[in-house]
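Quick note: numbers below take in every heavy atom, side chains included, and nothing from hydrogens, waters or symmetry partners. In what follows, chains are A, B, ... by sequence order, proteins preceding strands, each numbered from 1.
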There are 2 protein chains.
Amino acid sequence: MELRHLRYFVALAEELNFGRAAARLHISQPPLTRQIQQLEEIIGARLFLRSTRGVELTTAGKTLLAEAQRILGMVKVAEERTGKAARGQIGRLDVGIFGSAILNHIPRLLLEFRNQYPEVEIALYPMTKAEQTEALRAHQITVGFNRHVPTEPDIVVETVHFEPLVIALNRKHPLARQKSIRITEIVDEPLILYPRNTRVSFAHDVLNLIRSAGGVPNVVQEVTDVVTAIALVASGFGICVTPQAASSLKLPGVIYRQIKADPPPGIELACLYRRNDESPILGAFLDIMRRLPPA
Amino acid sequence: MELRHLRYFVALAEELNFGRAAARLHISQPPLTRQIQQLEEIIGARLFLRSTRGVELTTAGKTLLAEAQRILGMVKVAEERTGKAARGQIGRLDVGIFGSAILNHIPRLLLEFRNQYPEVEIALYPMTKAEQTEALRAHQITVGFNRHVPTEPDIVVETVHFEPLVIALNRKHPLARQKSIRITEIVDEPLILYPRNTRVSFAHDVLNLIRSAGGVPNVVQEVTDVVTAIALVASGFGICVTPQAASSLKLPGVIYRQIKADPPPGIELACLYRRNDESPILGAFLDIMRRLPPA
DNA sequence: TCTGATGATACCTGTCAGGTATCAATCCAT
DNA sequence: ATGGATTGATACCTGACAGGTATCATCAGA
């Protein structure tokens with residue numbers, strides 16, 4: 001049996017007249033007669049009762065009509081869905097995220113993707129950087145987000161977003177009068193380090209920055225969250241280096257200053273995916289990611 | 001798109017190798033290559049990633065695979081179901097029944113039909129004889145059962161079952177010594193008539209029998225149910241003419257005797273259906289009905 | 001009885017599915 | 001490196017068959 005048989009059958013079942021059905025199918029009447037006869041032979045049952053003033057469905061014909069309409073509908077849906085899948089408009093995007101990475105750029109990105117591809121399901125999996133690489137290789141996730149930038153041959157690492165670091169300091173601090181501050185100017189300053197006890201974070205970058213400027217980090221306090229860190233700055237405990245996003249946290253007595261350096265120190269949010277991944281959903285996602293304007 | 005495309009696609013998606021898939025389909029490899037290319041053109045999307053050591057499904061291909069398998073499954077089911085419908089193995093049989101008619105032959109018949117055609121749903125509608133004819137014409141029922149035998153040009157009436165009438169009488173009655181009794185012998189006997197107040201019943205037949213034998217019915221009591229009638233016979237009120245089925249009701253002092261006549265008087269259970277009804281379910285039902293041995 | 005509508009049949013033709021032969025690309029064993 | 005084996009793609013031919021035209025048989029209705 002071929003879909004042609006079903007298409008012809010449905011047309012005839014709806015018109016109940018060979019001539020009209022044939023016209024609707026843009027063929028002549030004899031081929032339609034033959035195809036219907038053939039279908040009846042394939043099924044092994046008479047589907048129509050013919051008379052000189054039209055045709056009528058048999059019980060078997062009525063049964064097949066319902067089935068045929070469902071099948072033809074499914075074929076249409078299958079064509080559309082397959083096309084959509086090819087264009088990345090349906091399916092699922094599995095995203096590996098690394099804890100705090102979700103706080104900055106990513107929500108906007110996912111929101112934009114969801115708006116443009118509403119039929120793509122987005123699944124988020126919190127996992128470490130090592131787990132992300134592994135999960136990518138095992139096809140458990142399609143993209144991973146991470147701050148770190150490792151280099152693996154089969155995994156592409158693409159920078160999504162660069163967020164400069166800023167220095168938070170008390171308004172009474174002498175350096176507060178400057179628009180921007182050099183790292184060398186703060187090497188001896190009492191430092192509030194955040195976050196603490198986290199395996200990989202920009203805290204390491206901050207310490208390295210100071211060391212490479214020839215200083216010895218003078219950590220007076222380690223805290224787990226950025227709010228506490230800034231509160232300590234407000235109280236005059238010391239200064240704190242944070243991502244720029246934290247500067248939206250306005251506490252009395254705290255001001256934020258850019259770091260004067262070339263290139264400016266900052267943290268990079270990177271996106272990881274398989275080098276040979278041809279998935280149209282990934283393509284669509286990367287496309288949006290690359291086009292998304294910075295906040 | 002044709003089912004051929006889907007069949008070939010599924011074979012290739014499962015084998016992931018043109019040569020093997022072609023062998024499975026009993027065709028050679030080049031036509032398969034061409035049909036798959038054609039399908040990709042119809043869908044407007046690449047379905048396979050080819051390499052020199054086999055093929056791999058794309059995202060679109062994976063989507064289509066699921067759809068195609070469902071569609072091909074449905075086609076198979078549609079063929080089977082249509083064939084079954086043609087053979088009367090699925091569908092519904094709507095039966096009109098007339099009150100007490102259900103008590104005798106019909107349960108056995110319906111049970112036998114259900115055993116042979118378990119996938120046919122049986123619906124019973126109690127209705128009068130007039131309603132049955134009407135319901136048949138309106139295609140609300142497929143068969144009706146009735147005691148009466150009207151003659152309508154478009155409705156076929158077929159006798160299902162003939163049940164002889166028997167005479168119930170007290171063991172002390174003089175006629176009780178005979179094996180069988182003539183109608184002429186009971187024309188003057190006190191008669192217990194049952195059922196009463198029923199529009200169409202064998203009670204009329206009983207009265208007509210007596211009248212045509214030259215008697216005047218001597219009705220001493222009318223009762224609504226057969227148990228009361230037989231109880232009155234046991235008490236010696238009179239005799240009663242009942243369908244043979246009632247003789248299973250054994251009360252002390254009551255004996256049943258056949259009626260000697262040619263043809264023997266009795267009641268006919270008839271089956272009604274539309275003369276032009278070609279429904280295979282009806283055909284199957286009538287077939288079973290005609291073959292069913294008497295109780 | 002004639003007419004117009006219906007579906008079926010006979011026969012022709014062009015398309016296309018499927019065949020064979022062969023190629024190009026890649027991998028693997030030597 | 002290199003030849004053989006394996007993969008999918010291409011070129012070209014052929015036969016089956018879908019679809020065309022012409023026509024028939026049947027039957028309802030005027």
Side-chain angles (χ1 to χ4, degrees), chain A residues 1-58 60-62 64-65 68 72 75 154 275-276 278, chain B residues 1-43 45-58 60-62 64-65 68 72 75 153-154 275-276 278:
Chain A
M1 195 201 294
E2 285 298 336
L3 289 179
R4 180 186 56 254
H5 295 118
L6 296 182
R7 293 193 186 102
Y8 289 9
F9 169 78
V10 170
L12 180 56
E14 284 174 3
E15 296 288 344
L16 293 176
N17 175 305
F18 274 85
R20 282 200 305 277
R24 194 169 115 180
L25 293 164
H26 305 107
I27 62 172
S28 61
Q29 171 257 316
L32 177 58
T33 293
R34 236 176 330 122
Q35 291 298 313
I36 296 296
Q37 288 171 340
Q38 207 175 87
L39 178 60
E40 289 180 325
E41 201 166 329
I42 291 167
I43 299 273
R46 186 140 277 239
L47 300 170
F48 293 98
L49 294 172
R50 281 84 153 170
S51 77
T52 50
R53 65 176 187 290
V55 293
E56 196 184 338
L57 279 167
T58 63
K62 284 177 199 150
L64 184 59
L65 179 57
L72 292 178
V75 169
D154 55 338
R275 184 172 300 279
N276 62 357
E278 306 276 352
Chain B
M1 196 202 293
E2 285 298 337
L3 289 179
R4 181 186 54 253
H5 294 119
L6 296 183
R7 294 193 186 101
Y8 289 10
F9 169 76
V10 169
L12 180 56
E14 286 174 1
E15 294 289 345
L16 293 175
N17 174 303
F18 274 85
R20 282 201 304 277
R24 193 168 116 180
L25 294 164
H26 305 107
I27 62 171
S28 62
Q29 171 258 315
L32 177 58
T33 293
R34 235 177 330 123
Q35 291 298 313
I36 295 296
Q37 288 172 340
Q38 208 175 84
L39 179 59
E40 289 179 325
E41 200 167 329
I42 291 168
I43 297 275
R46 186 139 279 238
L47 300 171
F48 293 98
L49 295 171
R50 281 84 155 169
S51 78
T52 51
R53 66 175 184 292
V55 293
E56 197 183 338
L57 278 167
T58 63
K62 285 178 199 149
L64 184 60
L65 179 58
L72 292 178
V75 169
D154 55 339
R275 185 172 300 280
N276 62 357
E278 305 276 351

Please list, chain by chain and in numerical order, all residues satisfying side chain to side chain contact (heavy atoms under 4.5 Å, CB included) with [X], sequence neighbours excluded.
| X | value |
| --- | --- |
| E15(B) | R20(B), A21(B), R24(B) |
| Q29(B) | F18(B), A22(B), T33(B) |
| S51(B) | R53(B) |

Take nucleotides 2-13 of chain C nucleotide by nucleotide from the 5' end and write B, S or -, depending on whether a protein heavy atom sits under 4.0 Å from the base, only from the sugar-phosphate, or from neither.
-> ----SSBB----
Does S28(A) put a side-chain nitrogen or oxygen below 4.0 Å from OP1 or OP2 of dG20(D)?
-> yes
Quick one: is dA18(D) close enough that its OP1 or OP2 comes under 4.0 Å of any side-chain N or O from Q38(A)?
-> yes
What's the [atom1]-[atom2] distance between [X] and [N], to the nearest Å?
| X | N | atom1 | atom2 | answer |
| --- | --- | --- | --- | --- |
| E2(B) | dC17(D) | CD | P | 15 Å |
| R4(A) | dT15(C) | CZ | C1' | 12 Å |
| I42(A) | dA18(D) | CD1 | C1' | 13 Å |

Under 4.0 angstrom, heavy atoms only, what part of the nucleic acid is H26(B) near: base, sugar-phosphate, or nothing?
-> sugar-phosphate
Pairwise salt bridge (charged side-chain N to carboxylate O under 4.0 Å, His left out) hits with a residue in residues 25-34 of chain B, at least two apart = none
Sequence neighbours excluded, the answer for salt bridge (charged side-chain N to carboxylate O under 4.0 Å, His left out) partners of E56(B) is none
I27(B) vs L32(B), side chain to side chain contact (heavy atoms under 4.5 Å, CB included): CA-CA, chis, key distance, verdict | CA-CA 7 Å; I27(B) 62 171; L32(B) 177 58; 4.0 Å; yes
